[in-house]
Amino acid sequence: MQLSKRITHLTGGGSDGWDVFYRARAMIAAGEEVTELTIGEHDIRTHASILNAMHGAAAGGHTGYAMVPGTDTLRRTVAQRMTERTGVPTGPENVLITPGGQSALFAAHHAVCDEGDTALYIDPYYATYPGTIRGVGAFPKAVITRPEDAFKPQRSALDQVATGARSLLINTPNNPTGVVYDLETLETISEACKAHDLWLISDEVYDTQVWDGSHISPRGLPDMADRTLVVGSMSKSHAMTGSRCGWLVGPAQAIDHLITLATHTTYGVPGYIQDAAVFAMEQGSALEAEIAAPFRRRRDLAQSILAAQNTIGLIPSQGAMYLMLDIRATGLSGEDFANALLDRHRIAVMPGESFGRAAAGHIRVAMTIDDQAFAAALETLCAFASAAAKKTA
Ligand code: PMP
């Protein structure tokens with residue numbers, strides 16, 4: 001039987017540089033020891049106090065269908081958090097609770113794109129972005145950025161592709177680059193959105209992981225709240241990736257329609273998970289800082305290791321759990337570098353090419369293993385790069 005084009009064409013086809021990742025996973029499955037610096041998942045598990053709250057809520061009976069838009073308490077908690085962080089008065093009517101940020105990304109595009117519309121995203125990008133856009137029947141179009149600009153979008157690149165588009169998807173702090181957009185960049189983006197009448201979909205799932213500068217949500221910029229949908233999540237801020245709890249914040253009218261979408265797709269998020277999310281957020285920023293601390297420490301370690309060599313360039317590492325390394329001086333592509341590093345040293349990193357064409361000649365390193373092993377792997381990686389560069393010279 002024939003399947004829909006929408007589902008069979010969800011990904012663009014081709015390997016797109018994911019071969020290295022699958023090869024590393026196959027080696028691990030075959031019993032080989034591989035140092036994995038690939039995936040954006042904490043090396044700690046969800047805090048015991050959050051699990052206790054979850055268990056308490058479930059044991060207390062919150063196991064039936066929960067309210068589809070989210071529980072009143074969680075919607076209020078998220079709204080208050082948004083108000084505090086953006087200065088834009090936000091109420092529960094502006095919040096839809098979703099099964100993770102990924103589901104919110106899908107819902108956001110569903111809300112603003114019709115079949116065949118163009119939806120913009122910034123290249124390099126988080127792996128699911130183009131497929132999410134295709135999933136709602138829209139056409140993904142990349143805004144190309146340059147390493148020289150720390151992969152921050154420039155007005156000329158936005159103008160080049162924005163005519164006729166419906167939306168622009170951005171992500172700060174950024175996966176895969178680790179860059180945090182400054183006010184100037186966000187102002188450029190918001191000006192472009194107004195000039196081209198675009199919805200802005202702002203993926204802020206790493207908003208608690210900022211090492212330099214501070215996180216700014218474009219929802220708080222002048223006249224942006226009416227055209228911005230913010231994607232948030234408990235996954236990264238509270239090490240709750242498996243709990244699948246996120247949200248979308250936006251204009252009440254959009255959220256109203258999105259509640260109807262949720263009724264016909266997810267039917268909400270389990271009540272005991274939402275209660276645990278409320279508990280987690282009530283612990284305040286101290287718990288968030290505790291969860292972010294290992295990545296900050298490893299970022300500092302990486303900066304000192306990289307300062308002692310001159311083959312690899314570090315894209316300003318300002319937030320999120322990744323480093324983006326410029327390995328062009330080795331003469332290798334990101335994919336060749338990652339394959340050779342895996343073969344010779346059993347260290348797995350992601351080729352920049354996995355995240356789009358703008359990050360060719362780069363690799364992404366996830367800072368998701370313990371400090372000592374992380375530092376040792378990075379030292380080996382640097383020595384490997386330096387030897388490769390000498391060979392090309
Ligand atoms: N956006 C970005 C940039 C991500 O890196 C991730 C997860 N890796 C997500 C969204 C989705 O996260 P979740 O669905 O777990 O909230």
Side-chain angles (χ1 to χ4, degrees), residues 18 21 36-46 50 70 74 78 81 95-110 119 121-133 135 140 142 145 151-153 167-181 200-210 215 217-218 229-249 262 265-266 268-270 273-274 276-277 280-281 288 291-292 295 318-324 350 352 354-356 358-359 364-368:
W18 282 83
F21 175 73
E36 261 210 290
L37 304 171
T38 49
I39 279 280
E41 174 127 40
H42 316 68
D43 46 325
I44 53 161
R45 300 272 72 92
T46 306
I50 301 176
L74 182 54
V78 171
R81 184 181 161 101
V95 179
L96 172 73
I97 304 302
T98 60
Q102 180 54 46
S103 170
L105 282 165
F106 182 83
H109 284 94
H110 215 296
Y121 64 101
I122 311 290
D123 181 339
Y125 56 88
Y126 170 53
T128 68
Y129 283 0
T132 302
I133 292 167
T145 61
F151 294 114
K152 288 183 278 196
S167 60
L168 168 64
L169 170 58
I170 63 166
N171 169 222
T172 180
N174 189 271
N175 176 11
T177 66
V179 170
V180 175
Y181 288 3
L200 181 60
I201 300 171
S202 181
D203 178 345
E204 302 178 17
V205 302
Y206 293 98
D207 65 347
T208 62
Q209 298 180 357
V210 179
H215 171 68
S217 173
L229 295 167
V230 175
V231 173
S233 172
M234 297 301 288
S235 288
K236 313 291 177 177
S237 59
H238 292 84
M240 290 178 71
T241 47
S243 289
R244 313 309 304 132
C245 187
W247 52 83
L248 198 56
V249 172
T265 51
T266 62
V269 173
I273 299 281
Q274 297 192 61
M281 280 195 271
E288 293 172 4
I291 290 161
F295 306 116
Q318 302 162 323
M321 41 177 91
Y322 315 97
L323 304 171
M324 182 61 93
M350 294 298 291
S354 312
F355 308 102
R364 189 193 75 170
V365 174
M367 301 185 281
T368 45

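Both ligands and their constituent atoms are indexed starting at 1 by order of listing.
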> Hey, is K236 one of the residues with a heavy atom under 4.0 angstrom from ligand 1?
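For ligand 1, residue contact (heavy atoms, under 4.0 Å) with K236 is present.
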> Output the list of atoms in ligand 1 that are nearer than 4.0 Å to some heavy atom of G101, sorted by atom number.
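The list of qualifying atoms is 13 (P), 14 (O), 16 (O).
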> Is there a donor in the side chain of S233 and an acceptor in the side chain of Q102, or the other way round, less than 3.5 Å apart?
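Short answer, no.
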> If only atom types and distance count, is the side chain of D123 paired as donor or acceptor with the main-chain N or O of A358 below 3.5 Å?
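Pair found, side chain donor or acceptor close to backbone of A358.
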> Quick one, S237 and E204 - any side-chain contact, counting heavy atoms below 4.5 Å?
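Of all side-chain heavy-atom pairs linking E204 with S237, none is under 4.5 Å.
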> Quick one: which ligand 1 atoms are inside 4.0 Å of a heavy atom on N171?
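Result: 3 (C).
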> Considering only heavy atoms of G100, which atoms of ligand 1 have at least one such atom less than 4.0 Å away?
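Taking each heavy atom of G100 in turn, ligand 1 has 14 (O), 16 (O) under 4.0 Å.
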> With sequence neighbours left out, write down each residue that passes ring pair (Phe, Tyr, Trp, His ring centres under 6.0 Å) with Y181, or none if nothing qualifies.
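Expected list: none.
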> Just distances here: any N/O of Y206 and N/O of ligand 1 closer than 3.5 Å?
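Y206 vs ligand 1: N/O contact under 3.5 Å present.
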> Taking N or O atoms only and a 3.5 Å limit, does S235 qualify as a polar contact for ligand 1?
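In this structure, S235 places an N or O atom under 3.5 Å from an N or O of ligand 1.
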> Does a side-chain heavy-atom distance below 4.5 Å link K152 with N174?
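SC-SC contact between K152 and N174 ruled out.
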> Would you say L105 and ligand 1 have an N/O pair spaced under 3.5 Å apart?
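Checking ligand 1 against L105, no N or O pair falls under 3.5 Å apart.
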> Is there a nitrogen or oxygen of Y322 sitting under 3.5 Å from a nitrogen or oxygen of ligand 1?
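In fact, backbone or side chain, Y322 has no N or O that close.
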> Quick one: nearest non-hydrogen protein atom to atom 11 (C) of ligand 1, plus distance?
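For this ligand atom, the closest protein heavy atom is Q102 N, 3.8 Å.
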> Which protein non-hydrogen atom lies closest to atom 9 (C) of ligand 1, naming both residue and atom, and how far is it?
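Checked against all protein heavy atoms, atom 9 (C) of ligand 1 sits closest to Y126 CE2, 3.6 Å.
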> After noting the C-alpha distance and the side-chain angles of H215 and Y206, does the key distance pass the ring-ring contact (aromatic ring centres under 6.0 Å, His included) rule?
CA-CA 9 Å; H215 171 68; Y206 293 98; over 10 Å; no
> Between T46 (side chain only) and A239 (backbone N and O only), is there a donor and an acceptor less than 3.5 Å apart?
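Such a contact is found between T46 side chain and A239 backbone.
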> So, T177 side chain and V179 main chain: donor-acceptor pair closer than 3.5 Å or not?
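Yes; at least one donor-acceptor contact below 3.5 Å.
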> Among all protein heavy atoms in this structure, tell me which lies nearest to atom 1 (N) of ligand 1, with the distance rounded to 0.1 Å.
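Checked against all protein heavy atoms, atom 1 (N) of ligand 1 sits closest to D203 OD2, 2.5 Å.
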> Just to confirm my output: which protein heavy-atom neighbour is closest to atom 14 (O) of ligand 1, and how far is it?
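Nearest neighbour among protein heavy atoms for atom 14 (O) of ligand 1, to 0.1 Å: R244 NH2, 2.7 Å.
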